[in-house]
Amino acid sequence: MRFRFCGDLDCPDWVLAEISTLAKISSVKLKLICAQVLRDLLGEAMEYEKILKLTSDAKLESGDVKATIAVLGFILSSAAKHNVDGESLSSELQQLGLPKEHASGLCRSYEEKQSSLQERLRACSLRLSRLGSVRWRVDYTLSSSELQEVNEPLVHLTFHLRDGDCGSTAAVPMALSADKFRVLLAELKQAQAMMNTLL
């Protein structure tokens, strides 16, 4: 059977297996867990301890709690990616065996954050890291101990990249000859022109 929230494909087996775990949690607590998972998907900090407290009465093991978070993340992000409305998502989750109260609570949380979740997914799609800043310096070597006369410029570039997931920054230094710098600049301009045609 094909499901819209799975991109009109069959539901993955691991999702089917975890639906029964979701059913063990009360519908009110599932809605609160969904709120935490949505916070994580929107780039905010998820309070894992709060989720552990919410699942404690269902006597879930640590692996089941992590699987619950993973399956909710998959359902919510996939539904947003494929632009599924809350009513259709609720119907499909019920077809998979999730009780009606659970499905409706999950879908209410989803509908509240659907547009902001779609914006976040668009911003993060096909992006591993962002360019924070670029520093550059040109050194011009007149001569060295090896050669009497060099007369060659050397371009030093440092790219500061921000990781999309954890927000950490990393510096990527490089040194280029004038010819290699011209090639890099031409190729970057060509890439920018191609990207501008897509917008």
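On a predicted model such as this, the values are computed, not experimentally measured, just so you know.
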Quiz item: Where do Glu87 and Cys107 land on the side-chain contact (heavy atoms from CB on, under 4.5 Å) test, with the steps shown first?
Solution: CA-CA 7 Å; Glu87 193 175 315; Cys107 292; over 6 Å; no
Exercise. Working to the nearest 0.5 Å, report the span between CD of Gln95 and CE of Met1.
Key: 3.5 Å
Quiz item: Does Met194 belong to the same Ile/Leu/Val/Met/Phe/Trp/Tyr cluster as Leu188, with side-chain heavy atoms less than 4.5 Å apart forming each link?
Solution: no
Quiz item: Judged by atom type as modelled, is there a donor-acceptor pair below 3.5 Å linking the side chain of His102 to the main-chain atoms of Ile25?
Solution: yes
Self-check item: Leu76 versus Cys34, closest heavy-atom pair with distance
Solution: CD1-O, 4.3 Å
Quiz item: Side chains of Glu152 and Tyr140: closer than 4.5 Å at any heavy-atom pair?
Solution: no
Exercise. Examine distances only and state if a side-chain atom of Gln118 and a backbone atom of Lys81 form a donor-acceptor pair shorter than 3.5 Å.
Key: no
Quiz item: If you group Ile, Leu, Val, Met, Phe, Trp and Tyr by side-chain heavy-atom gaps below 4.5 Å, do Leu52 and Ile69 land in one group?
Solution: yes
Quiz item: Do Pro99 and Ser27 have side chains that get closer than 4.5 Å, going by heavy atoms?
Solution: no
Self-check item: Value rounded to 0.5 Å, distance of CD1 in Ile33 from CE in Met46
Solution: 10.5 Å
Practice problem: For residues Leu42 and Ser116, determine if any side-chain heavy atom of one lies less than 4.5 Å from a side-chain heavy atom of the other. | Solution: yes
Quiz item: Does any non-hydrogen side-chain atom of Arg135 lie less than 4.5 Å from one of Leu157?
Solution: no
Practice problem: Could you tell me whether a side-chain N or O of Gln36 sits under 3.5 Å from a main-chain N or O of Glu47, the two making a donor and an acceptor? | Solution: yes
Quiz item: Is there side-chain contact between Thr158 and Val172, with heavy atoms separated by less than 4.5 Å?
Solution: no
Practice problem: For residues Phe74 and Cys6, report the shortest heavy-atom separation together with the two atoms involved. | Solution: CE2-SG, 4.3 Å
Quiz prompt | Derivation of the side-chain contact (heavy atoms from CB on, under 4.5 Å) call for Val138 and His156 | solution = CA-CA 6 Å; Val138 178; His156 295 274; over 6 Å; no
Quiz item: Would you call Phe3 and Asp10 a side-chain contact if the rule is heavy atoms closer than 4.5 Å?
Solution: no
Exercise. Starting from the C-alpha separation in whole Å, work towards a yes-or-no answer on side-chain contact (heavy atoms from CB on, under 4.5 Å) for Leu121 and Leu117.
Key: CA-CA 6 Å; Leu121 291 171; Leu117 182 56; 4.2 Å; yes
Quiz item: Is atom CH2 of Trp14 surrounded by more than 12 heavy atoms (other residues, nucleotides or ligands) closer than 6.0 Å?
Solution: yes
Quiz item: Out of Arg182, Glu187, Lys189, which residue meets the side-chain contact (heavy atoms from CB on, under 4.5 Å) rule with Leu185?
Solution: Lys189
Quiz item: Is Lys66 salt-bridged to Asp64, cutoff N-O under 4.0 Å?
Solution: no
Quiz prompt | More than 12 heavy atoms of other groups within 6.0 Å of Asp13 CG | solution = no
Quiz item: Got more than 12 heavy atoms from elsewhere within 6.0 Å of CD, Glu44?
Solution: yes
Quiz item: What pair of heavy atoms forms the shortest contact from Pro173 to Ala171, and how long is it?
Solution: CD-O, 3.5 Å
Exercise. Evaluate the side-chain contact (heavy atoms from CB on, under 4.5 Å) criterion for residues Gln114 and Asp85: first the C-alpha distance (whole Å), next the side-chain angles of each, then the deciding distance (0.1 Å), finally the verdict.
Key: CA-CA 9 Å; Gln114 182 179 4; Asp85 60 285; 5.5 Å; no
Self-check item: Side-chain heavy atoms of Val71 within contact of Thr21, under 4.5 Å
Solution: no
Quiz prompt | ILVMFWY network linking Phe181 to Val183, side-chain heavy atoms under 4.5 angstrom | solution = no
Self-check item: Student check: side-chain heavy atoms of Leu176 and Leu154 closer than 4.5 Å
Solution: no
Quiz item: Checking side chain to side chain donor-acceptor pair (under 3.5 Å) for the pair Ser88/Arg4: CA distance, chi angles, key distance, verdict?
Solution: CA-CA 8 Å; Ser88 300; Arg4 282 184 57 207; 3.1 Å; yes
Quiz item: Counting only N and O atoms by type, is there a donor-acceptor contact under 3.5 Å from the side chain of Tyr110 to the main-chain atoms of Leu38?
Solution: no
Practice problem: Kindly give the heavy-atom pair with the smallest separation between Leu93 and Ala103, and that separation in Å. | Solution: CB-CB, 4.2 Å
Quiz item: Between Ser90 and Gln94, do the side chains contain an N or O donor and an N or O acceptor separated by less than 3.5 Å?
Solution: yes
Quiz prompt | Gap separating the CG atom of Leu89 from the CG atom of Leu98, nearest 0.5 angstrom | solution = 9.5 Å
Quiz item: CZ of Phe5 to OG of Ser91: how many Å apart, nearest 0.5 Å?
Solution: 11.0 Å
Quiz item: Would you find a donor on one side and an acceptor on the other, under 3.5 Å apart, between the side chain of Arg162 and the backbone of Thr169?
Solution: no
Quiz prompt | Heavy-atom pair of closest approach, residues Gly86 and Glu111 | solution = CA-OE2, 3.3 Å
Practice problem: To the nearest 0.5 Å, tell me how far Leu32 CG sits from Ile51 CD1. | Solution: 10.0 Å
Self-check item: Interatomic distance, Lys29 atom NZ to Thr55 atom OG1 [nearest 0.5 angstrom]
Solution: 8.5 Å
